[in-house]
Amino acid sequence: MSRPDLAREAAELLSIANTSGPRSLNRLVVLAARQVPACSGATAILWRGTEPAVRAASHPDLPELDDVQLSSGRGPVLEALSGSGPVSCPDTLAETRWPEYASAALRRGVRCCVTLAYRSDPDAVTLSLVGARPRSLGPGQLAELLTAFGSAVMGNAAEYGDAKRTALQLRAAAESRALVDQAKGMLMQALGCSADDALKRLRQISQERNLRVTDVARTIIGSRGARGARDGTAAEVVQPGGEPPG
């Protein structure tokens with residue numbers, strides 16, 4: 001497969017609308033490891049600011065090379081992330097810039113690497129490819145691939161984040177509704193009122209004490225509800241002038 005064809009295939013893989021950031025990165029490293037000549041493995045990281053948020057690797061040993069760089073504070077990934085452009089190591093046996101990385105790479109049979117970074121501030125994606133033979137990889141082999149996958153991954157990650165936030169908001173709303181309904185039932189039993197009157201009372205307390213209705217409901221539930229009503233606790237919460245218990 002030619003490099004332009006590889007780049008197009010990567011873009012098609014990664015631009016699927018429902019693909020999440022983690023799934024995109026996993027597809028990317030598998031594609032790179034299989035299709036880039038002389039590449040024996042790949043890792044990719046989605047960065048949120050300066051923190052690695054999502055990671056993927058084509059082989060279980062390769063994340064340790066990223067870990068070494070993160071712990072030592074230096075290495076090809078961090079150098080590429082800093083804006084130094086494509087960063088390559090022609091031969092780990094002769095590498096002197098990042099001794100920790102070179103030593104870890106040699107122990108895993110990695111003799112060369114190249115790392116590229118795509119930025120969409122404040123986030124970024126780094127792609128690292130490794131080879132088992134010295135000088136078998138170079139930045140020129142990967143330029144089209146990086147251009148193709150970069151914006152697609154960032155877009156998919158943003159969509160994934162939006163969907164996750166929406167799901168959390170919906171879950172919070174459902175939990176709030178459940179709390180209010182439970183508190184309404186307790187007030188109906190404790191005070192002998194209707195559901196509408198119980199809800200009105202919750203809202204009245206909320207306005208009077210500058211609390212969310214959900215917080216008022218949680219306080220009432222914490223007062224043991226109907227059992228608290230029998231010893232006066234719930235009544236103290238909901239009667240005019242009463243203060244919520246601490």
Side-chain angles (χ1 to χ4, degrees), residues 10 14 20-33 36 38-158 160-161:
L14 299 169
S20 69
R23 189 177 177 187
S24 293
L25 294 188
N26 281 317
R27 289 185 175 198
L28 173 68
V29 296
V30 170
L31 177 68
V36 174
C39 175
S40 58
T43 65
I45 303 177
L46 172 63
W47 300 80
R48 301 295 192 195
T50 59
E51 296 298 322
V54 182
R55 300 169 62 177
S58 63
H59 189 279
D61 286 346
L62 293 180
E64 297 176 9
L65 295 181
D66 293 334
D67 292 338
V68 167
Q69 298 177 70
L70 292 172
S71 61
S72 66
R74 56 184 176 179
V77 170
L78 298 181
E79 189 163 324
L81 189 65
S82 69
S84 301
V87 177
S88 63
C89 170
D91 188 350
T92 52
L93 189 60
E95 180 57 62
T96 59
R97 293 169 294 178
W98 320 299
E100 300 88 354
Y101 171 81
S103 176
L106 286 169
R107 289 196 300 271
R108 291 161 179 81
V110 172
R111 289 297 304 271
C112 69
C113 72
V114 59
T115 300
L116 304 100
Y118 176 89
R119 284 194 168 277
S120 180
D121 288 336
D123 301 333
V125 178
T126 53
L127 171 65
S128 300
L129 280 75
V130 300
R133 293 182 292 107
R135 299 176 182 82
S136 58
L137 290 171
Q141 294 175 277
L142 310 178
E144 297 97 337
L145 179 60
L146 181 68
T147 301
F149 93 82
S151 58
V153 171
M154 299 306 300
N156 290 333
Y160 175 74

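When a residue number appears, it is its place in the shown sequence, counting from 1. Every heavy atom of this structure was used, including side-chain atoms; hydrogens, water molecules and symmetry mates were not.
One finds a salt bridge joining Arg48 and Asp123 here, because a Lys/Arg side-chain nitrogen approaches an Asp/Glu carboxylate oxygen to under 4.0 Å.
Taken from CZ in Arg108 to OG in Ser40, the straight-line distance is 13.0 Å, to the nearest 0.5 Å. For the atom pair CD1 (Ile45) and CG (Leu78), the distance works out to 8.0 Å, reported to the nearest 0.5 Å. The CG atom of Leu70 sits 12.5 Å away from the CD atom of Glu64 when rounded to the nearest 0.5 Å. Within the model, atoms CG of Leu93 and SG of Cys112 stand 12.5 Å from one another, a figure rounded to the nearest 0.5 Å. For the atom pair CG of Leu31 and OG of Ser58, the computed distance is 11.0 Å after rounding to the nearest 0.5 Å. To the nearest 0.5 Å, the span separating CD on Glu79 from CD on Gln69 amounts to 10.0 Å.
Nearest approach of Ala56 to Val29, heavy atoms of both residues: O-CG1, 4.0 Å. Across every non-hydrogen atom of Ala42 and Leu129, the tightest pair is CB-CG, 4.1 Å. Of all heavy-atom pairs spanning Thr115 and Ala80, the tightest one is CG2-CB, 3.8 Å. Closest heavy-atom contact between Ala44 and Leu25: CB-CD2, 3.9 Å. Summarising the geometry of Ala105 relative to Thr92, their closest heavy-atom pair is CB-CG2, 3.9 Å, with the distance given to 0.1 Å.
Val114 has its side chain out of reach of Ser128: every pair of non-hydrogen atoms, C-beta onward, lies at least 4.5 Å apart.
Residues satisfying the salt bridge (Lys or Arg N to Asp or Glu O under 4.0 Å) test with Arg74, not counting sequence neighbours, are Glu100. Every residue meeting the side chain to side chain donor-acceptor pair (under 3.5 Å) condition with Ser103, not counting sequence neighbours, appears here in chain and number order: Arg107. For Ala57, the side-chain contact (heavy atoms from CB on, under 4.5 Å) test picks out Thr43, Leu62, Pro63, with sequence neighbours left out. Cys113 pairs by the side-chain contact (heavy atoms from CB on, under 4.5 Å) definition with Pro76, Cys89, Tyr101, Val130, not counting sequence neighbours. The salt bridge (Lys or Arg N to Asp or Glu O under 4.0 Å) search around Asp67 returns Arg55, not counting sequence neighbours. Looking at residues two or more places apart in sequence or on another chain, you find no salt bridge (Lys or Arg N to Asp or Glu O under 4.0 Å) involving Arg133.
Remark: the Trp47 side chain and the Thr126 side chain contain an N/O donor-acceptor pair separated by less than 3.5 Å.
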